[in-house]
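The chain is numbered in sequence order, starting from 1. These numbers come from the heavy atoms of this one structure, side chains and all, not from hydrogens, waters or symmetry mates.
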Amino acid sequence: MSIFPVTIASRPSRFRTLLVLVWLLVLAINSMTAAVHAAARVQEVTGHLDVQDSLVYELPRLRKGETLYVHAEGTSGNLDPSVGVFKLTVDVDTVREQFRTEREKVLTDQPDSPQAFAPLFEKYFLDWDDDSGAGYAARLKLVIPADGDYRLVLGSSPLRPSFGDYRLLLGIDAPQVLGDEAASTGDTLARLRQAVWQGERRVQELPGSVLPGQDSTTVELQRIFSGETLSVVLETTPDAPAPGLVLYDYGDKPLVAVPAGAHDGRVSLQYTFEEKDENPRLKIKRPPETGDSAIDFQLRAGVNAADILTGQTATTGKPIVRPVIPVKIGLRMDQITGVDQRSENFGVVASLLLKWQDPLLAFDPQGCKCRMKIFNGDAFAQFVQSRDSDWPDYVLFNQQGNRWSQKRLATVYPDGQVSYLERFGVTLQAPDFKFRKFPFDNQTFAIRIDLVEPAWDYTFRELEGFSEVGTRLGEEQWLLTGFDTQITTETDTTDFPTSRFTFRFQATRHLDYYIYRLFLPILIIVIVSWFGFFLRDYGKRVDVAGANLLLFIAFNFTIGNDLPRLGYLTFLDTFLVTAFVITSLVFLLAVYMKRMEADGRQELAHRIDAHVMWLYPVAYLLGTALTLWIYM
C-alpha cells in the first residue's frame, strides 16, 4: 500500500522531465538551424554581357569544405549564360589567349557538338555548367577542395552567340540559390575584375577618309569603363597637314581636343575616363588649308595601351570602334507600270529586302517559345522603339508622290538578326533620260535608295542573289537590255554622309511602232512625191508638195507630244526638219517652174526638171546619211 502512492506521485515528475527534454531538444534544433542560416551567405549581382564577352569574378578566401552555389540567368536580349570555376593552378591572365584559341578551334571543328567542349572545360575548370537551370539558366554546385582565392567566369554559351542583361546569384552553404529563391544577405562574395575575359589591353587599327564636301567625319566608339585610358594616333600623308581630333562623351560634351594643322601628318590624343561611358565618339576635323579634296587617314586606337603613341603595335582584344552595322540590300523589280517621257518619270512595282543584325533587337526565345518574331506594317517600328533602338530607315531619293506599300513584313530572330521585306508601287523621277538619238535611244532607269541614318551607323552591302528584273514587266514599248547595282556614299539626303543603293536598268525601244507608223509612211510620201516629178502639170506638183508640207507638220506635232520640250534636236527632229526643208524647196521649185511655164519657158523648165528628178532622191539619201553620221 505504501508503494502505490509513491508511484502515483512519480508520474508527474517524469512527465515534467519529458517536457523539459523535448523543450531542450527544440532549442537545440533551433540553435542548429539558426547557426546554419547564419553561416549561409548570398550575393546577387546584375550586369550586361555583349557578344563574346566573358566576365571574371574574384571569389576570395573560400574555405575547404564550404559549398559554393551559383545560379545565372539572362534577363534581356537572348542571353544564354554559362558559368565555370577555374582551378587554383590556372592563371587567368596567362592562359587567356590559349583558352580562347582552343575554344575557337572547337567551334570551327565541331560547332554543333556540346560534348566537344567537355575536355576543354575540364582542363581549366573545377566545375562548369551551361543549361542545368530552368530554360537556359546555368546552375553550379561545388564543394571547395582547398582554402584559397577562386575565380568564377560568367559568359555566353559556347554553342551560340548571345548577349543581354544577366542576374547572378552566388551562395556559400546556401542551396536555396539553385532554386532561384535566395535573397541576398548583404555579403560580398565576388568582386568583378576591371577587365573582361578578352583582357584589359585592346588595340585596333583601321583606315578612314574625310570625303570631299565634308568638314569632318565621326568614329563611334564602344563602351569604355571608368579608369580606362583611351589613346589615339591618326596618320595621313607625311608633310601634309594633319586633321584635328575631338573626343566627345555620350552627351556630345567635348572631353579633349587636339587642333588640326600639324605638318608631320600625325596627330595623337590620350584621355583617361573618370566614369563609364557607353557611347563616346571621336570626331576627325578637316584642316582648313586642304580645300575640298578627300583626306585619307590611318587611325590607331588603344585602350590601356599607351605604347601605341610611340610605336606600332599589333591589333588585340575586342574592337574599340563601334562596328558599322552592314545592311544587306536587294531589289527585285516586278513590274513597270508606265513610262512618261514627257514628264520624265516612270512607275514600278518592286520588292525590297533588307537584312541586318542589331543586338538591341535580340530577345530570349524562352519567353515566346519561338525561333522568330514576325511583325506586319507599323508593328515593327513600335517594336524597335520599345527596345530604345533604331533601324536602317530609308527613303527613295528620286521618288515622286507617295509610295504605296502593298506589304511590309519584318522577321526578327533571337540574336537580333532582322529580315525586312517591303513590296511597293511608286513613281520615280528619271533625270538620266537622254533623247538625242530618239527613237534609237537607249535609256537608263534608276531606283535610288538612301539610308536616313549616317554612314557611321549603317551602310549598305549587296545582298547576293536577290536583285533581279522580273520576266513579266508589262511594258510593251521598251525592251530591257540589262541591269546593275551600285553602292555609294552621298550627302544629298542629309547633311552627313549616308549610304545609297542604286538599282539601274537599261532599255531600248521596240522600233516596230516607229518603223510602221512613222518611217514607212514618210518613205511612202517621199516616193509618191518623187513620182510627181514625172508629171508635166506643175500645178499638180504644187498641190502635192503643199500637202506633203502639211503632213510633215502633222508628224512633227505628233512626235512633239511624246517628248518634253528639249533644248536640243533629236535624231527624229533632224530627220523631219530635213524632210521639211527638202519638201519646202520642192514646193518653191514647183511654183517657180509653174511661173516659167506661164512665161513660155517650157524648154528651160523641162531641162531643170530632168536634173531635179534625180537630185530629189539623192538629196534625201544624203540628208539621211548625214543625220545618221551625226547622231549615231
(message) Check this for me: Glu462, atom CD, are more than 12 non-hydrogen atoms of other residues, nucleotides or ligands nearer than 6.0 Å?
(response) yes
(message) Just so I know, are the side chains of Val327 and Thr459 near enough to count as touching, which here means a heavy-atom distance under 4.5 Å?
(response) no
(message) I'd like to know if Glu228 pairs up with Lys276 as an ion pair, taking the criterion as any Lys NZ or Arg NE/NH1/NH2 lying under 4.0 Å from an Asp or Glu carboxylate oxygen.
(response) no
(request) Mind telling me whether Tyr166 and Tyr57 have parallel, tilted or perpendicular rings, with 30° and 60° as the class edges? (result) perpendicular
(request) Verify the ring-centre separation between Trp391 and Tyr420: is it less than 6.0 angstrom? (result) yes
(message) Between Thr310 and Asp307, do the side chains contain a donor N or O and an acceptor N or O under 3.5 Å apart?
(response) no
(message) Looking only at side-chain N and O atoms, does Asp130 offer a donor or acceptor that is under 3.5 Å from a partner on Ser157?
(response) yes
(request) Find out whether Arg223 and Phe225 are in side-chain contact, i.e. whether some heavy atom of one side chain is under 4.5 Å from a heavy atom of the other. (result) yes
(request) Report yes if some heavy atom in the side chain of Asp165 is under 4.5 Å from a heavy atom in the side chain of Leu79; otherwise report no. (result) no
(request) Using a strict 4.0 Å threshold on nitrogen-to-oxygen distance, state whether Asp252 and Arg281 make a salt bridge. (result) yes
(request) Please lay out, stage by stage, how Asp450 and Thr498 fare under the test side-chain hydrogen bond (donor to acceptor under 3.5 Å, both in side chains). (result) CA-CA 7 Å; Asp450 284 8; Thr498 58; 4.7 Å; no
(message) For the CZ atom of Phe125 and the CG atom of Leu152, what is their distance to the nearest 0.5 Å?
(response) 9.0 Å
(request) Might you confirm whether atom NZ of Lys141 has over 12 heavy atoms from other residues, nucleotides or ligands at distances under 6.0 Å? (result) no
(message) I'd like to check Leu68 versus Leu59 (side-chain heavy atoms, cut-off strictly below 4.5 Å). Are they in contact?
(response) yes
(message) Taking Ile320's backbone N and O only, do any of them form a donor-acceptor pair with Gln204's side chain (distance below 3.5 Å, no angle check)?
(response) yes
(request) Would you give the length of the straight line joining atom OG1 of Thr488 to atom CZ of Phe460, rounded to the nearest 0.5 angstrom? (result) 10.0 Å
(message) With a 4.5 Å cut-off on side-chain heavy atoms, are Asp215 and Lys285 touching?
(response) no
(request) Working to the nearest 0.5 Å, report the span between CG of Asp393 and CG of Leu354. (result) 9.5 Å
(message) Within this structure, what is the CZ-OG1 distance for the pair Arg202 and Thr315, rounded to the nearest 0.5 Å?
(response) 13.0 Å
(message) In the structure I gave you, are the side-chain heavy atoms of Thr46 and Thr75 within less than 4.5 Å of one another anywhere?
(response) no
(request) Give the minimum heavy-atom separation between Asp80 and Ser162, together with the two atoms involved. (result) N-OG, 3.0 Å
(message) Salt bridge check, Glu235 against Arg266: does any charged N sit closer than 4.0 Å to a carboxylate O?
(response) yes
(request) Cation-pi check, Arg151 to Phe86: give yes when NZ or CZ is under 6.0 Å from the six-membered ring centre and within 45° of the ring axis, no otherwise. (result) no
(message) So, taking the atom named CG in Leu126 and the one named OG1 in Thr89, what distance separates them when rounded to the nearest 0.5 Å?
(response) 8.0 Å
(request) State, yes or no, whether a side-chain contact exists between Leu234 and Pro243 at a heavy-atom distance under 4.5 Å. (result) yes
(request) Test side chain to side chain contact (heavy atoms under 4.5 Å, CB included) on Gln298 and Glu205 and set out the steps. (result) CA-CA 7 Å; Gln298 194 73 15; Glu205 187 170 352; 3.4 Å; yes
(message) Could you walk me through whether Leu421 and Ser419 satisfy the side chain to side chain contact (heavy atoms under 4.5 Å, CB included) test, starting with their C-alpha distance in whole Å, then the side-chain angles of each, then the deciding distance to 0.1 Å, before giving a yes or no?
(response) CA-CA 7 Å; Leu421 177 67; Ser419 177; 5.7 Å; no
(message) My understanding is that only residues two or more places apart in sequence, or in another chain, count here; which of them pass side-chain hydrogen bond (donor to acceptor under 3.5 Å, both in side chains) with Glu453?
(response) none
(request) Apply side chain to side chain contact (heavy atoms under 4.5 Å, CB included) to the pair Trp456 and Val219, showing each step before the final yes or no. (result) CA-CA 7 Å; Trp456 54 77; Val219 176; over 6 Å; no
(message) Test your reading of the model: is there a side-chain donor-acceptor pair from Asn78 to the backbone of Pro414, 3.5 Å cut-off?
(response) yes
(request) Tell me, please, which residues at least two apart from Lys328 pass side-chain contact (heavy atoms from CB on, under 4.5 Å). (result) Lys355, Arg461, Leu463
(request) Look at Arg41 together with Glu66 and state whether they make a salt bridge at an N to O cut-off of under 4.0 Å. (result) yes
(message) I'd like to know if Glu58 pairs up with Arg191 as an ion pair, taking the criterion as any Lys NZ or Arg NE/NH1/NH2 lying under 4.0 Å from an Asp or Glu carboxylate oxygen.
(response) no
(message) Taking the side chain as everything from C-beta on, heavy atoms only, tell me whether Asp147 gets closer than 4.5 Å to Leu62.
(response) no
(message) Check whether Arg286 reaches the backbone of Gly244 with its side chain - one donor and one acceptor, N or O, closer than 3.5 Å.
(response) no
